[in-house]
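Structure first, commentary second.
All values below were derived from every heavy atom in this structure, side-chain atoms included, with hydrogens, water molecules and symmetry-related copies excluded. Predicted, not measured: the structure shown is a model, and the values here were computed from it. Each chain gets a letter, A, B and so on, in the order the sequences are listed, and its residues count up from 1.
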Amino acid sequence: MAADKEITVLSMEAQSELSLEELCEICHVTHEFIRELIEYGAIEPQGISIEVWRFNPNHMRKIQIIKRLQQDLEVNLPGAALAMDLMAQIEEMRSQLELLEKHIFISFKNN
Amino acid sequence: MEYKDYYKTLGVSRDATPEQVKQAYRKLARKYHPDVSKETNAEEKFKAVQEAYEVLKDSKKRKAYDQLGSQWQSGQEFRPPPNWQGFDFGSEENLGGFSDFFESIFGGQGRPRQSGFHHQRPFKQRGRDEHAKISIPLEEAFRGGDKTIHLQVPEIDAHGHMHHKTRTLKIKIPQGVTPGQQMRLTNQGSPGIGQGPSGDLYLEIDIEPHKLYTLQGHDIYLTLPITPWEAALGAKIKVPTLGGSVDLKIAQGSQAGQKLRLKGRGLPAKPTPGDQYVMLQIVTPPAKTEAERALYEKMAKDIPFNPREHLF
């Protein structure tokens with residue numbers, strides 16, 4: 001296992017909006033695939049028509065997760081979209097629960 | 001290298017039918033899928049399951065694997081038999097990320113970039129996108145700044161073998177970064193095959209749990225213990241925030257569980273930064289001495305107060 005000295009300086013900040021074309025290239029998917037995702041409400045771009053659709057890094061992340069779910073778990077698109085919605089709900093509840101346990105229940109407890 | 005017991009990984013017997021193998025794989029894949037699972041080491045476990053399935057789902061690979069014999073134990077030091085040629089499994093795709101054990105049995109020989117394939121149509125494939133998580137303390141998400149990280153990345157050498165090397169990356173963390181945010185490093189993922197371009201590398205931010213604060217979006221929650229007299233009489237109290245301590249005014253007659261807001265004291269964000277919420281916790285001092293007992297008794301006598309009125 002060789003170590004190298006290479007150092008790259010990178011910034012997270014320069015993450016701008018993406019067009020449909022850019023998004024497809026980055027995620028290695030077709031326009032058709034994106035169109036389907038939008039039809040199922042799995043992602044909601046800014047802008048009313050295909051020419052002005054704008055996507056953000058969050059959309060990019062969702063697409064990658066959906067692709068992995070499809071590939072690894074053999075779920076279809078509506079199934080993956082449903083899984084995404086449910087996971088978002090679970091995440092929301094998990095974070096609410098953490099808040100309750102750490103800051104709200106405790107404020108009624110005496111040490 | 002360590003021997004991998006693929007049957008054990010999938011939890012099936014050595015004479016499992018292809019259908020049983022597939023079922024076991026599907027169940028474990030759902031359980032450990034890194035996007036779905038919150039199990040610890042989900043990603044590692046998922047990869048192990050994928051690798052096992054890659055071999056056991058394919059009758060040729062399974063046969064080859066079975067030829068190694070069943071006397072091996074998982075984790076046992078393994079060396080391929082001296083006359084081992086490896087297997088030629090042609091231009092397999094997506095083999096990256098599997099164990100050295102897998103590589104030694106099924107990789108190498110069949111790699112398309114190896115010499116001997118020149119007479120064929122040149123094979124070109126884009127490298128895989130790689131994903132890595134960086135865990136940072138909440139303070140770092142607040143302040144931003146430079147961070148140096150070390151990543152294990154796969155690399156294919158001139159002989160077509162896969163190796164891991166350590167790469168050092170220096171990245172700038174912006175102020176107010178939140179969990180799940182990711183950055184894309186173009187062509188820094190796995191190398192391509194043939195003339196194919198490298199994949200991309202994604203770094204995803206994760207924020208470590210903090211002993212005082214809880215993060216919700218860009219807002220910060222803190223539990224603030226106060227005394228009964230501070231709650232009853234009001235007080236000005238020093239409260240820690242990520243940006244340093246600030247004075248907080250507690251109104252008289254405050255109660256446990258009340259939520260006070262320190263505007264703009266959460267994580268930096270555009271256009272408006274998050275807030276810090278302070279949850280009041282009233283801590284009652286124990287009556288340890290005679291004088292302390294007397295004080296409580298005086299309160300009991302002088303302060304007419306029944307918190308249970310509404311119960312009856």
Quick check for you: among B/D129, B/L215, B/L224, which has the greatest number of heavy-atom pairs under 4.5 Å with chain A?
B/D129
Salt-bridge present (A/E74, B/K22; N to O < 4.0 Å):
no
Looking at side-chain heavy atoms only, is the closest gap between A/L69 and B/V36 below 4.5 Å?
yes
Which atoms of B/L28 approach chain A - backbone, side chain, both or neither, heavy atom under 4.5 Å
neither
Exceeds 12 heavy-atom contacts within 6.0 angstrom, atom CD of B/E43:
no
For a quick test of reading the model, state the closest non-hydrogen atom pair linking B/R184 to A/I26 and the distance between them.
NH2-CD1, 3.2 Å
Contacting moiety of B/Y53, where chain A heavy atoms sit under 4.5 Å:
neither
Check whether more than 12 heavy atoms from other residues, nucleotides or ligands sit under 6.0 Å from atom NZ of B/K133, and answer yes or no.
no
Contact between B/Q216 and A/S95 at the side-chain level, heavy atoms closer than 4.5 Å - yes or no?
yes
Under 4.5 Å from any heavy atom of chain B - which part of A/L73:
side chain
Main-chain N/O of B/T223 paired with A/H103 side-chain donor or acceptor, under 3.5 Å
yes
Within a reach of under 6.0 Å around CD of A/Q46, are more than 12 heavy atoms found that belong to other residues, nucleotides or ligands?
no
Okay, B/K211 and chain A: the region with an atom under 4.5 Å from a heavy atom over there is backbone
Spacing of B/D35 atom CG and A/I65 atom CD1 [to the nearest 0.5 Å]
4.5 Å
Are any non-hydrogen side-chain atoms of B/Y202 and A/Q64 less than 4.5 angstrom apart?
yes
Side chain, backbone, both or neither: which part of A/L86 has an atom under 4.5 Å from a heavy atom of chain B?
neither
Most contact-rich option vs chain B, by heavy-atom pairs under 4.5 angstrom, among A/I90, A/V75, A/D72, A/N58, is A/D72
Heavy-atom neighbours of B/K147 NZ exceed 12 at 6.0 Å:
yes
Enclosure of A/E25 CD (heavy-atom neighbours >12, cutoff 6.0 Å)
no
Side chains of B/R126 and A/H28: is there a donor and an acceptor less than 3.5 Å apart?
yes
Please look at A/E91 and chain B and tell me whether the side chain, the backbone, both or neither of the residue comes under 4.5 angstrom of a heavy atom of that chain.
side chain
Using a 3.5 Å distance criterion without hydrogens, assess whether the side chain of A/K102 forms a donor-acceptor pair with backbone atoms of B/Y213.
yes
Portion of B/Y277 that has a non-hydrogen atom of chain A nearer than 4.5 angstrom:
neither
Of the listed residues (B/K38, B/Q50, B/H131), which shares the most heavy-atom pairs with chain A below a 4.5 Å separation?
B/K38
List the atom of B/H33, the atom of A/R68, and the distance in Å for their closest heavy-atom pair.
NE2-O, 3.7 Å
